[in-house]
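Positions are given from 1, in the same order as the sequence printed here.
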Amino acid sequence: MATIRELPSSEADTADTEGSGTIPRSDEDKAKAVDKCLEVLSRAKTDTEIFAALLLVTKLVQAEDTDAASRRKIFDGVGFTFLNRLIKTDKVPEGCDSSMYQSLAVTLLACFSTDPDLVTHPQMLNKIPVLKDIILSARTSVENVEKKSLIEDSFQILVAMATQDLGRKQLIGDGMVPALCDVYNKSYFGNEQAFSLLGILIEYCGEEIWETNRACLNELLSSMASEFKQIQDERKFKLCTRLTLLLTSSNELVPGENAVWAWDIHHGLSDILKSKTGQSQRNPALKLASFMMCQLGVSWALGPHGSDKKLLLLIINLACVEVRMGLEDSSQNVSNRDILPACYSVLESCIEFMTCGPSLSLDEKQVLQLHNAMTGAFGAVLFFLKENQFEPEKVDDPLVRATVRVLSVWLAEETAALRNQVYDVLPFVLSVIEKSFEEAKISSDLKEARNHTTVAQYPLFKSSSASTDLLRLMLPALCHLTADQEPRELLIMQGAMETCGKYFSYQWKQFEDKQGDQPEVALITLCNIFLNVSLQDTEAVKKAEVFTELYGLIANVLPKLAKQHENLVLSFNMAVLGLTLLKNLSNSASILDLSESKRFVGAVLQMFGNSHQCGKSGQCEIAPTYRQHWEDITELWMLGMQLLSECIGVFAWFAGLFLQYSWMTTTVKLLTNVAGGGLDEETCTMYGVVLSSLCKHSSDVHSQLNQANGLELARKHNMLDLAVVLQAPPLDGPR
């Protein structure tokens with residue numbers, strides 16, 4: 001590249017003033033000025049003349065009243081051949097700043113960058129590597145005014161590029177993220193601008209910027225967390241917000257919970273939250289604490305030694321106070337309520353920890369304070385929902401949905417407190433969760449929706465319910481509520497069973513499509529909800545079509561499902577629910593003598609009949625394929641056996657299936673091989689109940705069991721009722 005020769009000061013002065021005067025103001029004068037500049041530029045032959053012309057152009061293009069059309073005209077007229085040489089040269093006249101030529105070129109580019117159409121021009125984007133080198137060339141302090149201006153102009157261009165999709169892609173692809181992290185970590189001049197630019201990239205691109213820069217994230221986190229721990233001035237509060245931004249931008253926190261930065265943050269937050277601070281200082285700290293507990297677990301709040309209960313209780317108490325302040329006072333504006341989702345996240349994490357985690361070993365006073373704080377917070381939650389329940393558009397309100405979400409977590413564990421207030425808002429809560437489910441069903445792939453959500457759209461970690469299936473979260477609460485008469489009747493009246501029926505079908509499809517473990521968990525909880533209603537409100541089962549439809553689905557799918565031993569718990573739940581519905585719907589024409597129902601009962605009999613075996617010592621044992629899950633299905637087995645015995649007396653075709661599907665053969669063999677006293681009392685009772693019912697209602701079973709020494713078996717296992725029935729004639733069919 002030819003060297004740009006030195007421009008004498010006299011020539012520069014002449015070039016700077018010739019024909020320029022003051023910046024023109026009228027549109028006509030501006031147009032003439034632009035044309036004159038471009039004419040001078042087009043006539044320039046030597047480097048000196050081109051440089052002088054560029055000084056004129058720079059002065060004009062920097063004018064605030066130069067419109068986009070004029071800038072575009074100048075942009076097209078300048079050309080980039082000479083600019084490219086200027087920005088790369090390091091040879092300047094003696095006594096001049098080394099960045100003189102580069103500074104002029106960057107200043108001109110900074111002016112062009114104010115136009116969104118120009119900033120993503122290929123000739124602008126290909127300057128990113130040079131601009132990156134410029135911002136990395138600074139050190140902790142820059143005394144030279146020219147150098148400061150060069151760096152500031154470089155950041156102006158980069159920020160303008162970051163606001164455009166094409167610009168962001170180019171910045172990330174050209175390695176700008178590591179450079180920005182380096183500038184910030186080493187406190188170079190412009191480090192604040194570097195973090196601001198990083199924040200823009202995080203806002204729009206989220207996780208994408210760290211996919212190939214994970215080490216940079218870890219280093220930046222460590223550096224910021226260390227500073228956060230040590231400093232004790234206003235910057236500590238600013239770092240709260242910055243750390244939250246960084247942490248929420250990554251789906252994967254590569255360092256484990258024992259990482260030094262996690263405990264540095266714990267130390268810094270403890271300093272803030274245990275001090276007297278205002279709301280504007282406390283809220284960023286609460287948001288950061290909320291995220292750390294959400295990602296690393298509540299145990300993080302207990303400190304590196306797991307003993308800092310005071311900080312955990314303080315975080316919970318502050319969160320409860322903020323919830324009450326934000327929800328009980330309707331005059332609170334949106335900015336004041338911005339803290340609520342973070343507080344909800346704290347409450348969710350703590351409820352889950354206290355119900356599933358290790359004991360906190362709180363004293364009586366601490367337990368009482370915690371209970372009062374939580375009850376007060378959820379009293380405010382219920383008040384807020386009650387205040388909004390008569391406004392239909394509120395079902396889409398993000399804050400309402402986040403509030404319903406945290407309520408669902410609380411109700412999953414606590415249904416005794418604030419009972420009447422809960423019942424008051426149930427209809428509204430149902431409308432919110434039903435709308436949420438309909439959106440989830442339409443989306444059909446919530447995971448894909450989450451992957452395309454930016455941090456700006458989803459800033460409140462798990463408490464934001466924009467893409468959350470609230471009905472799934474509410475299922476445990478619905479299970480508790482349907483166990484009690486008053487809320488159960490209210491739920492039935494409000495159409496909750498119909499919603500749950502649709503949800504059962506939806507989750508079954510998800511289960512068939514092998515969409516992870518969540519569908520199976522949801523289906524099991526749904527079975528319990530329907531079982532609560534079916535066992536305690538037979539009239540509701542007979543009246544509502546949803547129960548008939550649900551039985552049809554279960555009867556259709558169970559024969560295949562029962563063969564999959566890995567889904568044994570779900571199979572038992574569906575089997576018991578199916579038997580309950582079958583019994584309750586005995587007068588329905590759609591149920592009686594259907595071949596589908598017979599296949600369903602046959603599958604149930606095989607499941608229940610294969611559950612036990614005789615061990616080597618003559619004791620009755622759980623079959624190997626059942627042992628892993630037996631704790632989860634013991635009560636279902638008991639209830640299922642009771643239902644089988646009751647159905648025998650209801651359906652004429654029922655008893656014959658015990659012979660057809662070898663249940664009788666398997667059971668007689670088990671009772672024969674097991675020693676007297678080898679059956680536990682409950683198991684022995686259930687076998688006796690089923691066998692007694694069979695012998696009462698089926699002469700075939702009565703006869704076969706007598707031929708198999710049934711009376712002797714009954715006496716051997718102390719089945720007194722069975723012994724009596726075997727000595728009496730059968731009823732032959734249902735009563």
- Query: Is there a salt bridge (Lys or Arg N to Asp or Glu O under 4.0 Å) between Glu227 and Arg235 once you walk through the steps?
  - Reply: CA-CA 9 Å; Glu227 183 184 6; Arg235 183 170 169 77; 2.5 Å; yes
In Å and rounded to the nearest 0.5 Å, what is the [atom1] to [atom2] distance from [X] to [Y]?
X: Arg282; Y: Ile272; atom1: CZ; atom2: CD1; answer: 11.5 Å
X: Ser113; Y: Leu108; atom1: OG; atom2: CG; answer: 10.5 Å
X: His121; Y: Leu166; atom1: NE2; atom2: CG; answer: 11.5 Å
X: Ile151; Y: Leu131; atom1: CD1; atom2: CG; answer: 11.5 Å
X: Ile339; Y: Gln279; atom1: CD1; atom2: CD; answer: 8.0 Å
X: Phe291; Y: Leu247; atom1: CZ; atom2: CG; answer: 5.0 Å

Donor-acceptor contact below 3.5 Å, side chain [X] vs main chain [Y]:
X: Gln281; Y: Gly278; result: yes
X: Thr114; Y: Cys111; result: yes
X: Ser154; Y: Leu150; result: yes
X: Ser249; Y: Leu246; result: yes
X: Gln170; Y: Leu125; result: no
X: Thr403; Y: Leu399; result: yes
X: Arg168; Y: Met161; result: no
X: Asn191; Y: Tyr188; result: yes
X: Lys127; Y: Gln123; result: yes

Counting C-beta onward and ignoring hydrogens, is there a side-chain heavy-atom pair between [X] and [Y] closer than 4.5 Å?
X: Leu217; Y: Asn213; value: no
X: Val177; Y: Trp210; value: yes
X: Ile135; Y: Leu158; value: yes
X: Val381; Y: Leu385; value: yes
X: Ile231; Y: Leu239; value: yes
X: Leu180; Y: Leu201; value: yes
X: Glu219; Y: Cys181; value: no
X: Glu207; Y: Ser250; value: yes

Can you give me the closest heavy-atom contact between [X] and [Y], atom names plus distance?
X: Lys287; Y: Thr244; result: C-OG1, 4.3 Å
X: Lys229; Y: Lys236; result: O-NZ, 3.6 Å
X: Ser349; Y: Cys294; result: OG-CA, 4.0 Å
X: Cys205; Y: Ile172; result: SG-CD1, 3.7 Å
X: Thr120; Y: Asp117; result: OG1-O, 4.0 Å
X: Leu340; Y: Glu322; result: CD2-O, 3.6 Å

- Message: Under the criterion side chain to side chain contact (heavy atoms under 4.5 Å, CB included), I'd like the reasoning laid out for Arg242 against Lys238: C-alpha separation, chi angles, the key distance, then a yes or no.
- Response: CA-CA 6 Å; Arg242 291 186 172 181; Lys238 181 185 288 187; 3.7 Å; yes
- Sequence neighbours excluded, which residues qualify as ring pair (Phe, Tyr, Trp, His ring centres under 6.0 Å) partners of Tyr184? Phe195
- Message: Could you work out, with ring pair (Phe, Tyr, Trp, His ring centres under 6.0 Å) as the rule, every residue matching His267, not counting sequence neighbours?
- Response: none
- Item | Test log, rule side chain to side chain contact (heavy atoms under 4.5 Å, CB included), inputs Ile433 and Val404 | CA-CA 8 Å; Ile433 63 176; Val404 169; 3.8 Å; yes
- Message: Would Gln510 and Gln518 count as a side chain to side chain contact (heavy atoms under 4.5 Å, CB included) here? Give the steps.
- Response: CA-CA 9 Å; Gln510 297 292 304; Gln518 285 191 356; over 6 Å; no
- Message: What verdict does the salt bridge (Lys or Arg N to Asp or Glu O under 4.0 Å) test give for Lys435 and Glu438, after you've listed the backbone C-alpha separation in whole Å, the side-chain angles of each residue and the deciding distance to 0.1 Å?
- Response: CA-CA 5 Å; Lys435 180 71 179 295; Glu438 291 300 330; over 6 Å; no
- Task: Start with the C-alpha gap between Thr107 and Asp153, add the side-chain angles, then the distance that decides, and say whether side-chain hydrogen bond (donor to acceptor under 3.5 Å, both in side chains) holds.
- Result: CA-CA 6 Å; Thr107 298; Asp153 285 344; 3.0 Å; yes
- Task: Report the C-alpha distance between Asp174 and Lys132 in whole Å, list the side-chain angles of each, state the deciding distance to 0.1 Å, and finish with yes or no for salt bridge (Lys or Arg N to Asp or Glu O under 4.0 Å).
- Result: CA-CA 9 Å; Asp174 284 351; Lys132 181 174 68 174; over 6 Å; no
- Derivation of the side chain to side chain contact (heavy atoms under 4.5 Å, CB included) call for Ser290 and Tyr344: CA-CA 9 Å; Ser290 172; Tyr344 288 169; over 6 Å; no
